[in-house]
Number of protein chains: 2
Amino acid sequence: MQLEEAKLQFIQAWGKLGSEWGINRTMAQVHALLLITPGALTTEEIMETLAISRGNANMTLRDLMGWGLVEKQHRLGERKEYFFADKDTWNIARQVAKERRKRELDPVIKILDELSSKVEGDTNDPAYETFTKTVKDINKLAKNVDKSLETMIKAEENWFWGSILKIFK
Amino acid sequence: MQLEEAKLQFIQAWGKLGSEWGINRTMAQVHALLLITPGALTTEEIMETLAISRGNANMTLRDLMGWGLVEKQHRLGERKEYFFADKDTWNIARQVAKERRKRELDPVIKILDELSSKVEGDTNDPAYETFTKTVKDINKLAKNVDKSLETMIKAEENWFWGSILKIFK
DNA sequence: TTTTATTTTCAATAAATATTGAAAGTTTAA
DNA sequence: TTAAACTTTCAATATTTATTGAAAATAAAA
């Protein structure tokens with residue numbers, strides 16, 4: 001397979017996986033493109049390679065910087081901005097874990113905590129019992145996941161995967 | 001807070017979390033409703049509670065059964081079908097992990113394997129080098145995640161969380 | 001200052017995704 | 001059989017989400 005063909009396939013695959021997991025397809029594609037590019041690219045180059053508009057490219061790049069996955073670069077004597085991605089997969093995984101935890105998991109845990117404590121009802125009412133038990137169980141699971149993510153975010157790669165691999169005995 | 005109000009909030013929160021992670025909002029809501037319901041519900045009752053159409057309810061319930069999260073129940077002398085959800089959060093987590101691995105992660109790993117091995121290029125070309133290195137690194141990460149999920153799927157709850165918690169030392 | 005290069009914004013539009021509802025299909029019972 | 005009770009299907013429609021593109025804003029250079 002030729003390199004250009006392979007690049008496109010990689011960008012496609014990454015875009016698809018992203019969209020299946022609630023990440024904008026274009027965002028995943030721009031990220032993929034920067035990941036397989038040795039240097040940094042301008043908005044112009046990204047627009048051209050992925051056939052997307054200036055507005056889309058600009059917003060997507062800002063999003064990616066917001067996720068901590070991409071950075072801007074300025075070059076002496078040049079006015080336009082260049083963008084490049086951190087290529088360390090462990091950093092990427094941690095960064096994504098960190099953001100999704102903050103944006104999506106933590107708010108839900110907050111609601112679950114409220115629902116675990118502030119609902120009135122009769123202990124003999126099966127509807128009440130089932131509700132509180134389910135909410136408590138899910139809350140517990142969510143907190144386990146939350147803690148695991150926190151550990152991952154703080155950890156060094158080797159230490160983390162070392163620990164995970166011990167699970168296999 | 002009153003039970004009815006709390007139920008609605010729970011259904012809302014679960015629907016939102018689902019949609020942020022690429023799971024149809026209605027599907028997550030139907031699942032949430034069944035989770036906090038002591039017995040089993042008919043399509044009719046689900047339609048009414050969530051204000052959705054018969055078609056939507058029917059398709060969503062079949063999807064949920066496809067994910068292994070919900071089951072049908074038949075009652076003697078009754079013609080209509082009842083639906084109930086497995087309420088064990090560990091089973092739910094494992095089931096979701098299992099399905100998403102099969103549906104989304106494994107296909108991507110297959111593509112990454114191909115891209116890791118079948119691309120021709122010149123070792124002195126930075127574009128080629130960056131591409132192969134990135135693809136290999138991501139492939140490695142994806143396989144680590146895949147293995148971890150497999151372990152989780154096979155594991156018993158206590159054993160698994162015990163192992164995870166050891167990570168915290 | 002004025003011009004030019006570049007980035008940002010956002011209303012309009014397009015595309016993707018989810019939902020409806022009525023017709024067709026199925027199953028049981030009279 | 002025929003009818004009644006229920007489930008399934010899917011084309012049409014609605015909703016949500018993503019994208020465009022041109023105008024406005026910003027920043028450097030002339």
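Order of the sequence lines fixes the chain letters, A, B, ..., with proteins taken first and strands second; residue numbering starts at 1 for each chain.
Comparing G77(B) and T43(A), the nucleotide of DNA chain C nearest to each residue sits closer to the 5' end for T43(A). Nearer the 5' end of DNA chain D, as judged by each residue's closest nucleotide, is the contact made by I23(A), out of I23(A) and G55(A).
Atoms CE (M27(B)) and P (dT19(C)) sit 12 Å apart, rounded to a whole Å. Atom CG of D63(B) and atom C1' of dT9(D) are 14 Å apart (whole Å). Remark: P of dT7(D) and CE of M65(B) are 10 Å apart, rounded to the nearest angstrom. Across the protein-nucleic acid pair, E81(B) atom CD and dT8(D) atom C1' stand 10 Å apart, rounded to whole Å. Taking atom CE of M47(A) as the reference point, atom C1' of dT19(D) lies 12 Å away to the nearest angstrom. Atom-to-atom, CG of N56(A) to P of dA15(C) comes out at 13 Å; the value is rounded to the nearest Å. In this structure, the CZ atom of R54(A) is 19 Å from the C1' atom of dA11(C), given to the nearest Å. Rounded to an integer number of Å, the gap from I46(A) CD1 to dT20(D) P is 14 Å.
The side chain of R62(B) contributes no N or O atom lying less than 4.0 Å from OP1 or OP2 of dT7(D). A sub-4.0 Å separation between OP1 or OP2 of dG21(D) and a side-chain N or O of N58(A) is absent. Side-chain N/O atoms of R25(A) include none lying less than 4.0 angstrom from OP1 or OP2 on dT17(D).
The closest side-chain heavy-atom distance from F83(B) to V30(B) is not below 4.5 Å. Annotation: side chain of N24(A) is not in contact with side chain of D63(A) (no heavy-atom distance under 4.5 Å).
Of the listed nucleotides (dT8(C), dA18(D), dG21(C)), dA18(D) has the atom at the smallest distance from the side chain of T26(A).
At a threshold of 4.0 Å, the pair R94(A)-D88(A) does not count as salt-bridged, since none of the basic side-chain nitrogens sits closer than that to a carboxylate oxygen. Salt-bridge formation is detected for the pair E20(A)/K16(A): a Lys NZ or Arg NE/NH1/NH2 atom is positioned less than 4.0 Å from an Asp or Glu carboxylate oxygen.
R79(A) contributes a side-chain N or O that forms a donor-acceptor pair with the base of dA27(D) under 3.5 Å.
Contact record, K87(B) with T130(A): CE-CG2, 3.7 Å, taken as the closest heavy-atom pair.
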